[in-house]
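Numbering starts at 1 and runs along the sequence shown.
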Amino acid sequence: MITPVDTGLPAPDQPFSWAVTAAGMLFTAHGPVRPDGSIDTGPVAAQARLTLENLRRSAEAAGAGLGDVAQVLLFLTDRADIPLVDAVYREYFDTPYPNRCCVVVAALAVPGMRIELMAHVSLVRPREFSDRSD
């Protein structure tokens, strides 16, 4: 069973949720969507920053953080954008980095959109052990 997460973004017109939880994981996909639902089609660095902010917002709404992101699947429309996106990505993630792949695609859903991502985020917290022996 999945549970939708309120990310604060407007409901999409298409049949999907911005983020859902299931089996102790958050599954989320984002692009450069502004809080009003419009798409940023400007420079790729700005698009990457907005996309990663949306990921942060989703993780926090589910009770996690960027340090809980286990995997990121990046989709870019231009191979030349990889170093620019990597620079922004390093603003959001520290080592050890999440597992990641980057795929260059012919186009994304909205003309001018240059980045989209999917992320898998762990919601499971390590058990806390006490010094008591029961």
Side-chain angles (χ1 to χ4, degrees):
M1 175 172 195
I2 64 170
T3 303
V5 175
D6 182 0
T7 64
L9 291 170
D13 291 332
Q14 296 145 331
F16 70 90
S17 298
W18 292 116
V20 299
T21 60
M25 297 285 297
L26 170 69
F27 300 88
T28 188
H30 292 286
V33 178
R34 296 182 185 104
D36 67 1
S38 65
I39 306 294
D40 184 342
T41 58
V44 73
Q47 288 190 37
R49 196 165 280 108
L50 181 54
T51 299
L52 289 164
E53 282 298 327
N54 289 338
L55 172 57
R56 179 198 316 264
R57 176 184 293 129
S58 294
E60 290 174 354
L66 292 178
D68 299 305
V69 175
Q71 185 175 51
V72 175
L73 310 171
L74 277 175
F75 302 90
L76 302 175
T77 60
D78 189 339
R79 180 181 311 244
D81 288 343
I82 294 172
L84 299 168
V85 170
D86 281 348
V88 174
Y89 193 87
R90 286 184 176 97
E91 295 172 19
Y92 289 83
F93 294 104
D94 292 318
T95 56
Y97 295 111
N99 173 264
R100 187 182 102 174
C101 81
C102 184
V103 179
V104 178
V105 297
L108 294 167
V110 174
M113 194 167 125
R114 296 166 63 179
I115 182 172
E116 188 167 1
L117 67 75
M118 281 193 319
H120 304 113
V121 183
S122 175
L123 301 177
V124 177
R125 298 287 172 249
R127 286 189 196 177
E128 301 219 2
F129 295 97
S130 69
D131 291 336
R132 288 184 4 189
S133 47
D134 293 324

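Shortest non-hydrogen contact noted between Thr51 and Pro32 is OG1-N, 3.0 Å. What you find for Ala19 and Thr7 is that their closest heavy atoms are CB-CG2, 3.8 Å. Scanning all heavy atoms of the two residues, the minimum distance from Met113 to Thr41 falls at N-CG2, 4.1 Å. Considering all non-hydrogen atoms of both residues, Ala62 and Val5 come closest at N-CG1, 4.1 Å. Between Arg114 and Gln47, the shortest heavy-atom contact is N-OE1, 2.7 Å. Taking every heavy atom of both residues into account, Leu9 and Pro35 meet most closely at CD2-CA, 4.1 Å.
Cluster annotation: Leu73 and Val121 are assigned to distinct hydrophobic clusters (Ile/Leu/Val/Met/Phe/Trp/Tyr, side-chain heavy-atom contacts under 4.5 Å, transitive). In the hydrophobic clustering of ILVMFWY residues, with side-chain heavy atoms under 4.5 Å counting as a link, Ile2 and Val124 come out apart. The cluster map of Ile, Leu, Val, Met, Phe, Trp and Tyr, joined by side-chain heavy atoms under 4.5 Å apart, puts Leu108 and Leu76 in different clusters. In terms of hydrophobic clustering, with Ile, Leu, Val, Met, Phe, Trp and Tyr side chains grouped at heavy-atom distances under 4.5 Å, Val103 and Leu52 are assigned to different clusters. Cluster annotation: Phe75 is not connected to Leu84 through the hydrophobic network of ILVMFWY side chains, with a link wherever side-chain heavy atoms come within less than 4.5 Å.
For the atom pair CD (Glu116) and OG1 (Thr77), the distance works out to 11.0 Å, reported to the nearest 0.5 Å. Atom OG of Ser58 sits about 6.5 Å away from atom CG of Leu26, to the nearest 0.5 Å. In this structure, the separation between CD on Gln71 and CG on Leu117 is 11.5 Å, given to the nearest 0.5 Å. Put simply, CD1 on Ile115 and CD1 on Ile82 are 10.5 Å apart, with the number rounded to the nearest 0.5 Å. Note that the CD atom of Glu53 and the OH atom of Tyr92 stand 3.5 Å from one another [nearest 0.5 Å]. Note: Leu50 CG to Arg34 CZ = 7.0 Å, rounded to the nearest 0.5 Å.
Residues Asn99 and Val72 fail the side-chain proximity criterion, which asks for heavy atoms closer than 4.5 Å. Side-chain contact between Thr28 and Leu55: present, with at least one pair of heavy atoms (C-beta onward) separated by less than 4.5 Å. You'll find the side chain of Phe27 stays beyond 4.5 Å of the side chain of Met118, heavy atoms only. Between Phe93 and Arg100, every side-chain heavy-atom pair lies at or beyond the 4.5 Å cut-off.
Residue Asp36 places its CG atom among more than 12 non-hydrogen atoms of other residues, nucleotides or ligands, all under 6.0 Å distant.
Ring geometry for Trp18 versus His30: interplanar angle under 30°, hence parallel rather than tilted (30 to 60°).
Between the side chain of Asn54 and the backbone N or O of Val33, at least one donor-acceptor pair lies under 3.5 Å.
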Derivation and outcome, side-chain contact (heavy atoms from CB on, under 4.5 Å), residues Val44 and Val85: CA-CA 7 Å; Val44 73; Val85 170; 3.9 Å; yes
